Amino acid sequence: MKITKITLNNFQAFKYECTIELPKGKNLLLYGENGSGKSSLFQALNLCLAPATAIGEHKNIFVTTNDNSVKLEIDDSSKLEWDETSHPYTQAIIVEASKTKGFLDYRSLLETHFVHRGKTNVNVFDLLITTLIANIENPVTHKLFPEEWRTIDIESIRRRSKSLTERINALLSDFNSGLFARLTELETKTNDILKLFDQNVSIKFSLSEKGLTYNPPIKR
């Protein structure tokens, strides 16, 4: 699948309608001055390959109407549109493409090496949940992983009780099952793609059999 044309209307930096033809080829280098719309185009493509997002959150700040949209044209003449009432992620072709997309901006790459003040190492788990699989749905609970993790995190700071511990463990069980399933799927698909580059390279996720566990605070 190759996107040949994208039309943005009142989306982020693009006030009014703007159509961009994407040339044929394996790679595309996009350059321009600050504020010219590079990041807006990046986000339009990125969010079109993510579970349904409210497009109103990305409306150009100088527009008062609700007619903002992003339209994609695919090489097989398919046309997909993201507006107030529809999202391309409802299409099977987009769902499959989203599983192998590689949208990482420089901020995301920096996080893989940047140690925050007061920390001794990179928080790989946080990077995984909030960035790498931020738009992926847990197949067990049908919730996005960051949303689900926030719920568990909030529950964990409540006053300790037997019922709370049981609830958190139940939430973690569903979270772990979904996370294992998605990472296994991601590992398989990633290695299939790596084979296309004729390089002897593969990835493997090493996870604890128990997954994430809850350690209640010790009463003093």
Side-chain angles (χ1 to χ4, degrees), residues 1 3-22 28 30-74 78-112 114 116 123 125-139 141-155 175 178-179 182 186:
M1 180 186 82
I3 299 173
T4 57
K5 182 185 298 185
I6 180 170
T7 301
L8 303 99
N9 183 40
N10 298 333
F11 183 87
Q12 293 190 9
F14 291 89
K15 187 178 180 182
Y16 309 123
E17 186 172 280
C18 177
T19 298
I20 301 171
E21 300 273 357
L22 299 179
L28 172 65
L30 188 67
Y31 64 94
E33 297 179 356
N34 290 341
S36 60
K38 301 186 300 297
S39 295
S40 295
L41 177 59
F42 173 91
Q43 288 299 336
L45 291 170
N46 182 27
L47 294 172
C48 278
L49 294 176
T53 305
I55 195 169
E57 299 176 5
H58 306 281
K59 181 171 61 176
N60 183 280
I61 61 174
F62 298 107
V63 174
T64 57
T65 58
N66 293 320
D67 59 346
N68 50 318
S69 63
V70 175
K71 300 177 183 178
L72 303 179
E73 288 193 19
I74 313 300
S78 297
K79 295 183 179 181
L80 304 171
E81 183 170 357
W82 175 26
D83 56 24
E84 290 288 343
T85 60
S86 63
H87 193 286
Y89 203 79
T90 58
Q91 304 293 321
I93 189 173
I94 295 298
V95 173
E96 285 303 307
S98 71
K99 295 176 181 177
T100 56
K101 69 175 184 175
F103 282 85
L104 286 174
D105 59 18
Y106 70 92
R107 295 183 182 88
S108 299
L109 293 174
L110 177 62
E111 288 293 331
T112 64
F114 180 72
H116 291 273
N123 188 331
F125 176 78
D126 184 65
L127 178 63
L128 171 70
I129 300 299
T130 62
T131 302
L132 299 180
I133 61 171
N135 296 313
I136 295 181
E137 184 182 86
N138 184 330
T141 62
H142 304 293
K143 296 179 180 179
L144 296 181
F145 281 108
E147 172 191 343
E148 192 171 6
W149 179 247
R150 279 194 296 271
T151 299
I152 296 173
D153 195 31
I154 291 172
E155 290 285 337
F175 185 87
L179 183 61
R182 287 304 190 206
L186 180 61

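Since we're looking at a predicted model, the values are computed, not measured.
Using a 4.5 Å heavy-atom cutoff, the side chains of Ile94 and Trp82 are not in contact. The closest side-chain heavy-atom distance from Leu144 to Ile136 is not below 4.5 Å. Residues Gln43 and Asn46 meet the side-chain proximity criterion, which asks for heavy atoms closer than 4.5 Å. Looking at Ile20 and Leu8, their side chains come closer than 4.5 Å, going by heavy atoms from C-beta outward. When side chains are defined from C-beta on, Glu81 does not count as touching Thr7, because their heavy atoms never get closer than 4.5 Å. Between Tyr89 and Asn135 there is no side-chain heavy-atom pair separated by less than 4.5 Å. The shortest side-chain heavy-atom distance between Leu45 and Val70 does not fall under the 4.5 Å cut-off. At least one side-chain heavy atom of Leu72 sits under 4.5 Å from a side-chain heavy atom of Cys48.
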- Verdict with reasoning, Leu47 to Ile55, per side chain to side chain contact (heavy atoms under 4.5 Å, CB included): CA-CA 9 Å; Leu47 294 172; Ile55 195 169; over 6 Å; no
- Message: Phe175 vs Ile129, test: side chain to side chain contact (heavy atoms under 4.5 Å, CB included). Steps then yes/no.
- Response: CA-CA 11 Å; Phe175 185 87; Ile129 300 299; 3.8 Å; yes
- Message: Could you walk me through whether Glu84 and Asn68 satisfy the side chain to side chain contact (heavy atoms under 4.5 Å, CB included) test, starting with their C-alpha distance in whole Å, then the side-chain angles of each, then the deciding distance to 0.1 Å, before giving a yes or no?
- Response: CA-CA 8 Å; Glu84 290 288 343; Asn68 50 318; 3.8 Å; yes
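Distance check: Arg150 CZ to Lys143 NZ gives 11.5 Å after rounding to the nearest 0.5 Å. Here Ser39 contributes atom OG and Asn34 contributes atom CG; the two are 9.0 Å apart, rounded to the nearest 0.5 Å. Summarising the geometry, atom CD1 belonging to Ile93 is positioned 7.0 Å from atom CG belonging to Leu80; distances are rounded to the nearest 0.5 Å. Between Leu128 atom CG and Phe145 atom CZ the span is 8.5 Å, to the nearest 0.5 Å.
Panel note: side chain Lys38, backbone Gly32; a donor-acceptor pair is recorded below 3.5 Å. In this structure, Arg182 contributes its side chain and Asn138 its backbone to no donor-acceptor pair below 3.5 Å. Of the possible donor and acceptor atoms, one in the side chain of Asn60 sits under 3.5 Å from a partner among the backbone N and O of Gln12. Side-chain atoms of Thr4 come within 3.5 Å of backbone N or O of Glu73 as a donor-acceptor pair. In this structure a side-chain-to-backbone donor-acceptor pair under 3.5 Å is missing from Lys59 to Asp67.
Applying the 6.0 Å contact sphere to CZ of Phe125 captures more than 12 heavy atoms from other residues, nucleotides or ligands.
When every heavy atom of Phe14 is checked against every heavy atom of Gly37, the shortest pair comes out as CE1-O, 3.5 Å. Nearest heavy atom pair, residue Lys15 against residue Asn10, reads C-OD1, 3.8 Å. Between Glu33 and Ser36, the closest heavy-atom pair is O-OG, 2.6 Å.
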